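Reviewing the structure listed below.
Residue numbers begin at 1 in each chain, while the letters A, B, ... track the order of the sequences. Just so you know, these numbers come straight off a predicted model, no measurement behind them.
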Number of protein chains: 2
Amino acid sequence: MPDALDGFDRKILQLVQRDCHMKAELIAEAVGLSASAVQRRLKRMRTDKIITAEIAVVDRKAIGRPMTFVAGLEIERENYSALAKFRAWADKQDEIQQAYYVTGSTDIILIISAEDVEAYDAISASIMMHHPQIRRINTNVVLNVLKLGLFLPVESEVPGD
Amino acid sequence: MPDALDGFDRKILQLVQRDCHMKAELIAEAVGLSASAVQRRLKRMRTDKIITAEIAVVDRKAIGRPMTFVAGLEIERENYSALAKFRAWADKQDEIQQAYYVTGSTDIILIISAEDVEAYDAISASIMMHHPQIRRINTNVVLNVLKLGLFLPVESEVPGD
DNA sequence: CCTGAAAAGAACTTTCT
DNA sequence: AGAAAGTTCTTTTCAGG
């Protein structure tokens, strides 16, 4: 497992998590390395899957898909095979942005994008239809997206280093 | 508001939402345009804020921050000034990945990243301390991230076009 | 106005020290 | 790791539909 991140790697990650089109030279002077070194480290982190993807974030409203829903799913009897099946299915549903298997009375929490309420209704119906073991869906309509991102804080000081 | 997306734009968005480092020439042959045209459109969508960001997605476990929590916040009496204040505060908290203001008994739903349970406890305590109007926090520990992304489906056929 | 093609410029990749 | 040469991509320019 060749993934020991040092302080340079962490600083680089902190920057590209906000803007992955940032020029290597700019990153270099921010972290105190040469542009070559930065590129090398980025390449290594990509192949090592420390950076799992580099994606464009699109404005929901601009593309005519302004609504977001948070759905809480309750499963009849939780079992891992049902979970695996749900994961595989959810992967193919583009409307489902995120899916979390969680503790508590709710078993799965979904972040869902939809054109409007009717479109969401169709999606939730589809979920119920494809997964009989889901007992009920508790829906929260998002009135306002206060913050949106996938940023993870990366402490520069490594505890065990 | 100069943002009328045609079929080409939508196809481009569908691709760069999955990989924004994709070469213009590759996108070009996928959508049926020249590389120049693709670059022009990308540039326009960036300045028009249809593409709001281009970010690197990092593996939680690789950076020593393996845990995710979904927190449901109940506010004493919802008012927009408190909401605006919360938004501004949440923006600065790197551990808070996402924040949704929602309908239902829960008022705000947070997606929070943490090193471990103790770190989460400190964050939730901090939330309570900074926002007296928050009555309680209902926490769901994420056992498994089934799907993670910010992808939005972009229909190629435009309804009113 | 937007496309496509070629020239000019800038970035990334590789090699070497 | 850094610097420079080599390669590739992006950006600009320009002619055409």
Side-chain angles (χ1 to χ4, degrees), chain A residues 1-59 62-64 151 154-158 160-161, chain B residues 1-59 62-64 154-161:
Chain A
M1 208 190 272
D3 47 30
L5 302 177
D6 64 12
F8 290 119
D9 291 325
R10 291 169 186 272
K11 283 182 185 169
I12 293 169
L13 286 177
Q14 213 143 359
L15 294 170
V16 294
Q17 277 191 98
R18 294 214 154 87
D19 177 12
C20 69
H21 272 357
M22 201 173 168
K23 309 300 179 194
E25 200 178 340
L26 268 172
I27 299 173
E29 68 181 52
V31 305
L33 277 176
S34 68
S36 308
V38 170
Q39 302 269 30
R40 260 194 298 264
R41 282 162 181 270
L42 277 172
K43 185 178 180 181
R44 183 177 59 74
M45 291 193 283
R46 283 192 266 253
T47 59
D48 287 358
K49 291 294 175 196
I50 289 157
I51 294 174
T52 57
E54 282 158 285
I55 63 170
V57 182
V58 168
D59 185 291
I63 61 162
F151 185 89
V154 188
E155 304 85 26
S156 291
E157 331 92 45
V158 192
D161 205 24
Chain B
M1 209 188 271
D3 48 29
L5 301 177
D6 64 12
F8 290 119
D9 291 326
R10 290 169 185 273
K11 282 182 185 170
I12 293 169
L13 286 177
Q14 213 143 0
L15 294 171
V16 294
Q17 277 191 98
R18 295 215 153 86
D19 177 12
C20 68
H21 273 357
M22 200 173 168
K23 310 299 179 196
E25 200 178 342
L26 268 173
I27 300 174
E29 68 180 53
V31 305
L33 277 176
S34 69
S36 309
V38 170
Q39 302 270 30
R40 262 193 297 263
R41 282 162 180 269
L42 277 172
K43 184 179 180 181
R44 183 176 60 74
M45 291 193 282
R46 283 192 267 252
T47 59
D48 288 357
K49 292 293 175 196
I50 290 157
I51 294 174
T52 57
E54 282 158 287
I55 62 171
V57 182
V58 168
D59 184 291
I63 61 163
V154 188
E155 304 84 28
S156 291
E157 331 92 45
V158 192
D161 206 22

Interatomic distance, A/Leu26 CG vs C/dA10 P [rounded to whole Å]: 14 Å
Between P of D/dT11 and CG of B/Leu42, the distance in whole Å: 9 Å
A/Arg41, nearest nucleotide to its side chain (from C/dC12, D/dA1, D/dT12): D/dA1
Below 4.0 Å: OP1/OP2 of C/dT14 and any side-chain N or O of A/Lys43: yes
Interatomic distance, B/Glu25 CD vs D/dT10 P [rounded to whole Å]: 9 Å
Distance, rounded to the nearest Å, where B/Arg40 contributes CZ and C/dA6 contributes C1': 13 Å
For B/Ala24 against B/Gln39, the heavy-atom pair lying closest together: CB-NE2, 3.3 Å
From A/Asp19 atom CG to A/Gln17 atom CD, the distance as rounded to the nearest 0.5 Å: 12.0 Å
Nearest to side-chain heavy atoms of B/Ser36, which nucleotide of D/dA1, C/dT14, C/dA5: C/dA5
Protein-nucleotide distance (A/Gln39, atom CD; D/dC9, atom C1'), rounded to Å: 12 Å
Of the listed nucleotides C/dC12, D/dT10, D/dA1, the one nearest the side chain of A/Ala37: D/dA1
Shortest non-hydrogen separation from A/Glu155 to A/Arg10 and the atoms involved: O-CD, 3.0 Å
N or O in side chain of B/Lys23 less than 4.0 angstrom from D/dT10 OP1/OP2: no
Euclidean distance, atom CD1 of residue A/Ile12 to atom P of C/dC12 [Å, nearest integer]: 12 Å
Charged tip of B/Arg41 within 45° of B/Phe8 ring normal and under 6.0 Å: no
Value in whole Å for how far the P atom of C/dC1 lies from CG of B/Leu33: 19 Å
Interatomic distance, A/His21 NE2 vs C/dA10 P [rounded to whole Å]: 18 Å
